Amino acid sequence: MGYDSFRPTTDSGVSTMSDTPPPSAATPTRFRWPWAVALALGCGMAYLTFEAVAGNTEPQPPAEPQNKKQLGMSRLDGQDTIALRRDDKDKKDEKEKKKVAAPELEGGIAWLNTGGPLTLKKDLKGKIVILDFWTLCCINCIHVIPDFAKLEKKYPNELVIIGVHSPKFENEKETASIRKAILRYQIEHPVVNDANHKIWDKYEVDAWPTLVVIDPEGNLVGYASGEGNFELLDVVVSKLIDEHKKKKTLDEKPIRFDLAKFRETGDTPLFFPGKVVADEKGKRLFIADSTHHRVVVTDLQGNKVAVIGTGTPGKTDGAFDKAQFDDPQGMVVRGDTVFVADRKNHLIREIDLKAKTVTTIAGNGEQDHDIDSRRLVQSVGAKEIGLNSPWDLALEGDKLYVAMAGHHQIWLLNLKEKNLVPYAGNGRETIGDGALRKSMFAQPSGLVSDGKHLYVADSEISALRKVPLDPEGKVETLVGRGLFVFGDVDGPGQIADDPLMLKAEARLQHALGVTYADGKVYVADTYNSKIRVFDLKTGELKSLVGGNPLGWFGPTTFNEPAGISYAGGKLYVADTNAHRIRVVDVATKAVTTLQLKGVEPPLAPKEVKKEPKK
């Protein structure tokens with residue numbers, strides 16, 4: 001079975017959430033099937049030995065899920081919205097059902113956004129609690145964060161959300177990486193680092209994101225999976241408030257948490273820059289200052305040219321000092337026009353550098369949850385349809401290609417005809433080559449063109465993909481094997497003539513950015529904090545710069561770089577978690593930090609600061 005076959009799907013067969021992980025919390029290894037067969041035959045064994053070849057650290061596909069479900073949790077949208085378990089299966093009276101106490105939140109290795117560990121029985125007694133089982137790479141997990149913000153605003157005294165970060169990738173086990181994600185996505189509730197999946201296992205979770213509701217008495221209410229559950233959660237929370245007010249078991253005293261933003265406020269010129277574009281002809285640099293919600297323009301030496309956007313999230317069009325963005329990401333430049341993937345607004349914006357204006361050219365401002373949109377074969381008006389987390393762009397003539405991360409597809413925006421249509425991918429979140437609309441992607445997040453092909457950083461499968469601009473061509477995978485196959489390995493992208501899998505293939509880990517120059521694709525290998533280079537002639541992937549040049553105890557060259565662009569023999573890198581732009585001399589491999597001059601952080605919105613208590 002393929003990885004995707006274990007994930008819950010809609011009736012259409014398209015996954016509504018992110019990946020299902022391997023059942024073991026430990027880092028698994030990929031089975032070497034041919035090697036196991038050869039070993040079994042050679043030894044005359046009566047059974048096949050399914051062991052990993054020594055030294056292989058690649059994860060294995062998930063095993064068939066076991067149907068334990070000892071907690072007996074019900075889906076929130078099912079007939080029974082209260083999680084109950086019968087003492088006697090023959091009892092038919094609903095009142096005889098017994099409520100199940102929620103397992104305690106023990107087993108995490110660190111707590112963030114709070115002064116210390118929290119317990120259900122003591123710290124959260126009397127509160128309605130929603131546990132969000134998430135992982136920071138997952139686009140569906142990212143999509144539910146705004147829903148939580150709305151719920152927290154609506155029920156500030158009755159509801160507490162706890163993020164349970166149960167990682168997919170090795171890098172996501174690091175508390176420092178989770179802390180950066182909390183700041184980047186502006187999360188304002190406690191998060192526990194469930195690095196070893198201990199809490200995940202207690203709650204019998206099997207997919208990201210999973211949301212578990214607990215009542216003020218500490219009993220399980222039910223769960224929901226995937227995104228798009230705001231209305232459901234709103235109804236459940238409202239009913240629980242009414243019920244427990246009558247029972248006098250609801251604690252409405254506010255709890256204020258010690259949030260990470262109190263210590264890292266974003267008062268730097270850049271704050272989590274997601275992408276960068278170097279315009280060699282115009283001698284300009286365009287920086288998506290993502291968590292400052294703006295676009296910064298400098299010359300190639302870092303001198304300020306313009307700042308576009310107020311710094312406050314929104315979707316307002318207009319003059320540079322009035323326009324708003326919300327987590328802008330990929331950009332592409334054509335003369336004095338810049339196209340921007342406005343990720344969280346689910347829009348494509350056009351910047352006119354001469355008129356100094358911003359205009360929306362695609363998207364209706366709403367996230368598109370409609371699975372049928374992924375199957376469109378006829379173009380639709382560019383502003384008549386919602387987009388789904390556009391993450392990067394590539395331009396060929398009047399054709400603007402969009403890495404639609406939320407739909408797991410590449411879309412095509414015809415700038416002349418002002419219409420949109422899916423270009424590559426069928427919308428299933430997995431890996432698959434072949435004809436454009438039959439191929440499969442998993443959260444494509446980086447795009448670049450060489451004039452004949454698009455090269456795609458396909459992040460959730462840690463892959464580098466090749467997409468033809470010829471509609472009759474076929475999608476190819478250059479590096480990568482699947483949702484749970486990742487690592488930090490130099491070597492050939494894929495090996496076709498190695499039936500025993502004895503040779504080491506190249507591996508990436510959640511790469512988000514790509515750029516092209518002189519027959520090579522340069523990759524921002526985000527979770528490995530490296531810049532890699534793939535030679536299109538030899539098919540080899542090599543590390544260019546990054547890692548720990550001074551040893552394991554020294555600083556890393558990069559901190560989860562997500563964007564990369566080439567100009568004049570240099571790579572300009574959005575070193576996202578370090579809030580800076582790094583410059584790499586391709587010939588010498590020298591790495592320097594671009595000193596920005598005249599670029600100030602946006603003015604913080606006025607707010608009353610509250611002293612943290614917990």
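These figures come from a predicted structure and were not determined experimentally.
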Undergrad: Search all heavy atoms of Pro602 against all heavy atoms of Thr310 and return the closest pair with its distance.
TA: CB-O, 4.0 Å

Undergrad: Could you check Lys315, Gln324, Arg349, Gln329 and say which one makes a side-chain hydrogen bond (donor to acceptor under 3.5 Å, both in side chains) with Asp342?
TA: Arg349

Undergrad: Could you tell me if Lys150 sits above the aromatic ring of Phe230, with its cationic atom closer than 6.0 Å to the ring centre and no more than 45 degrees from the axis?
TA: yes

Undergrad: Only one of Leu395, Leu447, Val332 clears side chain to side chain contact (heavy atoms under 4.5 Å, CB included) with Tyr401; which?
TA: Leu447

Undergrad: Counting only heavy atoms not in Lys344 (residues, nucleotides, ligands), do more than 12 fall under 6.0 Å from its NZ?
TA: yes

Undergrad: Between Trp134 and His165, is there a side-chain heavy-atom distance shorter than 4.5 Å?
TA: yes

Undergrad: Considering non-hydrogen atoms only, spot the tightest contact between Leu259 and His189 and give its length.
TA: CD2-N, 4.4 Å

Undergrad: Looking only at the aromatic ring of each residue, does the gap between the centers of Tyr516 and Tyr522 stay below 6.0 angstrom?
TA: no

Undergrad: Going by atom types only, do Arg582 and Thr593 share a side-chain donor-acceptor pair under 3.5 Å?
TA: yes

Undergrad: Look at Asp488 together with Arg532 and state whether they make a salt bridge at an N to O cut-off of under 4.0 Å.
TA: yes

Undergrad: Can Asn577 and Arg184 be counted as having a side-chain donor-acceptor contact under 3.5 angstrom?
TA: yes

Undergrad: State, without any angle test, whether Gln595 and Gln301 hold a side-chain donor-acceptor pair at a distance under 3.5 Å.
TA: no

Undergrad: Is a side-chain donor-acceptor pair under 3.5 Å present for Asp368 with Ser373?
TA: yes

Undergrad: Within 45 degrees of the axis of the six-membered ring of Phe441 and under 6.0 Å from its centre: does Arg465 put its NZ or CZ there?
TA: yes

Undergrad: Assess whether atom NZ of Lys597 is packed by more than 12 heavy atoms of other residues, nucleotides or ligands within 6.0 Å.
TA: yes

Undergrad: Could you go step by step and tell me if Phe325 and His293 meet the ring-ring contact (aromatic ring centres under 6.0 Å, His included) rule?
TA: CA-CA 5 Å; Phe325 299 89; His293 311 290; 9.6 Å; no

Undergrad: Is it true that Thr175 and Asn193 share a donor-acceptor pair across their side chains at a distance under 3.5 Å?
TA: yes

Undergrad: Indicate whether any N or O donor in one side chain lies under 3.5 Å from an N or O acceptor in the other, for Gln367 and Ser389.
TA: no

Undergrad: Show your reasoning for whether side chain to side chain donor-acceptor pair (under 3.5 Å) applies to Gln509 and Ser462.
TA: CA-CA 5 Å; Gln509 187 180 183; Ser462 300; over 6 Å; no

Undergrad: A cation-pi test, strictly: NZ or CZ of Lys466 under 6.0 Å from the centre of the six-membered ring of Tyr455 and no more than 45 degrees from its axis. Yes or no?
TA: no

Undergrad: Can you tell which of Glu264, Glu172, Glu174 makes a salt bridge (Lys or Arg N to Asp or Glu O under 4.0 Å) with Lys180?
TA: Glu264

